[in-house]
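Notes follow the structure.
Sequential numbering from 1 along the given sequence is applied to the chain's residues. Atoms considered below: every heavy atom in the structure, side chains included; atoms not considered: hydrogens, waters and symmetry mates.
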Amino acid sequence: MENINMIDLKKTKIAIFGDSVSKGIVYDDIKKKYRKVKKNFVDIISESKGLVIDNLSKFGCTVSKGIEIFRKNVDKIKNCSIVVLEFGGNDCNFKWSEIARDPYAEHESAVPPERFREEYERLIKAVKAANCVPVLLSLPPIDYLRFFEWVSQGLSRENILKFLGNKDFIYRWHEMYNDIIFDLAQRESVMVLDIRRIFLSHRNIQDYICTDGMHPNEKGHELISKALLDCGLIPDL
């Protein structure tokens with residue numbers, strides 16, 4: 001395991017690369033559009049602990065795109081001791097309109113599981129090569145019933161179900177990517193912070209997830225920040 005305890009967090013800078021979760025994107029039910037939350041979990045932690053956190057996350061980002069963004073920003077992270085990585089939610093998603101048109105054709109997720117594993121491993125190694133300590137975030141859970149309703153809007157739900165078999169396949173498919181993240185952490189001897197568990201410990205995870213079934217809402221970001229602050233990685237300064 002990378003020795004994070006040897007890092008003086010009072011003098012360090014942290015960078016985070018990820019997707020819309022770490023970017024802080026939520027769905028606004030009133031305005032009927034996506035927007036950035038006023039304070040996402042990165043902002044809450046930064047303000048709470050007085051840490052400099054460079055958030056280089058991007059809406060819709062996959063690990064493949066994340067590698068490109070990381071390479072373009074290598075100079076920015078030269079003074080970083082820790083690089084947090086948060087990918088998987090977009091990687092496991094499908095082109096639902098294509099599935100709805102032809103549920104019996106071969107359909108791959110944005111980044112198929114084995115390629116997701118390979119490219120995430122490449123990114124972890126790239127972070128190490130830049131003399132930074134990589135820290136992975138697990139995936140927050142999805143509400144698969146809400147998610148199904150969301151992605152099937154205006155499409156043939158019958159055909160999408162033919163492809164899925166049943167709706168809970170969405171949850172299991174998403175969970176498989178989360179398992180890959182833990183496998184990679186063990187293989188590469190890096191830390192993974194389990195933000196998924198704190199959601200699942202609540203009886204109604206719907207309270208912490210947006211209408212789209214996939215993005216943590218404002219309360220969800222507070223939950224993530226609590227999980228990260230309580231994990232012992234970030235001491236009181």
Side-chain angles (χ1 to χ4, degrees), residues 1-5 7-29 34-59 61 80-90 132-144 146-147 171 174-175 177-179 181-182 184-186 190-237:
M1 184 70 67
E2 298 286 344
N3 197 348
I4 292 176
N5 293 328
I7 296 172
D8 184 355
L9 285 167
K10 294 181 181 180
K11 300 177 181 178
T12 196
K13 182 180 175 183
I14 299 173
I16 180 166
F17 293 83
D19 54 31
S20 52
V21 172
S22 47
K23 186 71 176 176
I25 302 299
V26 297
Y27 185 75
D28 191 318
D29 289 314
Y34 286 104
R35 63 171 173 82
K36 190 177 184 299
V37 70
K38 288 183 180 179
K39 286 187 180 181
N40 65 7
F41 73 87
V42 179
D43 300 325
I44 295 170
I45 292 171
S46 178
E47 291 183 13
S48 175
K49 295 299 183 179
L51 294 170
V52 177
I53 303 178
D54 195 357
N55 194 341
L56 297 162
S57 304
K58 186 176 178 62
F59 182 83
C61 199
C80 291
S81 296
I82 296 174
V83 172
V84 179
L85 303 174
E86 181 269 315
F87 294 102
N90 292 307
C132 300
V133 175
V135 175
L136 311 185
L137 290 188
S138 68
L139 299 179
I142 61 173
D143 179 341
Y144 71 90
R146 282 184 184 176
F147 182 80
Y171 187 92
H174 182 267
E175 188 174 43
Y177 278 71
N178 191 64
D179 290 342
I181 291 169
F182 277 89
L184 280 171
Q186 184 174 19
V190 299
M191 179 178 284
V192 56
L193 302 179
D194 191 357
I195 61 175
R196 188 182 190 87
R197 183 182 302 177
I198 197 168
F199 282 86
L200 297 178
S201 69
H202 287 74
R203 185 167 288 117
N204 296 313
I205 65 168
Q206 295 86 354
D207 294 341
Y208 303 95
I209 299 176
C210 293
T211 305
D212 62 9
M214 53 183 158
H215 287 92
N217 58 24
E218 285 91 340
K219 288 176 66 177
H221 278 274
E222 292 173 4
L223 208 60
I224 294 171
S225 66
K226 183 180 187 307
L228 299 182
L229 290 169
D230 290 349
C231 72
L233 172 64
I234 306 172
D236 291 326
L237 301 184

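In plain terms, the two heavy atoms of V192 and S138 that are nearest each other are CG2-N, 4.1 Å. Residues S20 and F59 approach most closely at CB-CD1, 3.5 Å, considering heavy atoms. Across every non-hydrogen atom of V37 and V26, the tightest pair is CB-CG1, 4.2 Å. The minimum heavy-atom distance between C80 and A15, with the atom names listed, is SG-CB, 3.8 Å.
Side-chain contact between L228 and L137: present, with at least one pair of heavy atoms (C-beta onward) separated by less than 4.5 Å. At least one side-chain heavy atom of N178 sits under 4.5 Å from a side-chain heavy atom of R196. Side-chain contact check for V133 versus M191: every heavy-atom pair is 4.5 Å or farther apart.
Taking H221 as the reference, nothing meets the side-chain hydrogen bond (donor to acceptor under 3.5 Å, both in side chains) condition, with sequence neighbours excluded.
Distance check: F147 CZ to H174 NE2 gives 8.0 Å after rounding to the nearest 0.5 Å. In this structure, the separation between CG on N55 and CD1 on I14 is 11.5 Å, given to the nearest 0.5 Å. Here the straight-line distance linking atom CG of L223 with atom OG of S201 works out to 6.5 Å at 0.5 Å rounding. Between I181 atom CD1 and E86 atom CD the span is 8.0 Å, to the nearest 0.5 Å. Note that CZ of F41 is 4.0 Å distant from CD1 of I16, once rounded to the nearest 0.5 Å. In this structure, OH on Y34 lies 11.5 Å from CG on D28, to the nearest 0.5 angstrom.
A cation-pi contact, defined as under 6.0 Å to the ring centre and within 45° of the axis, is absent between R197 and F182.
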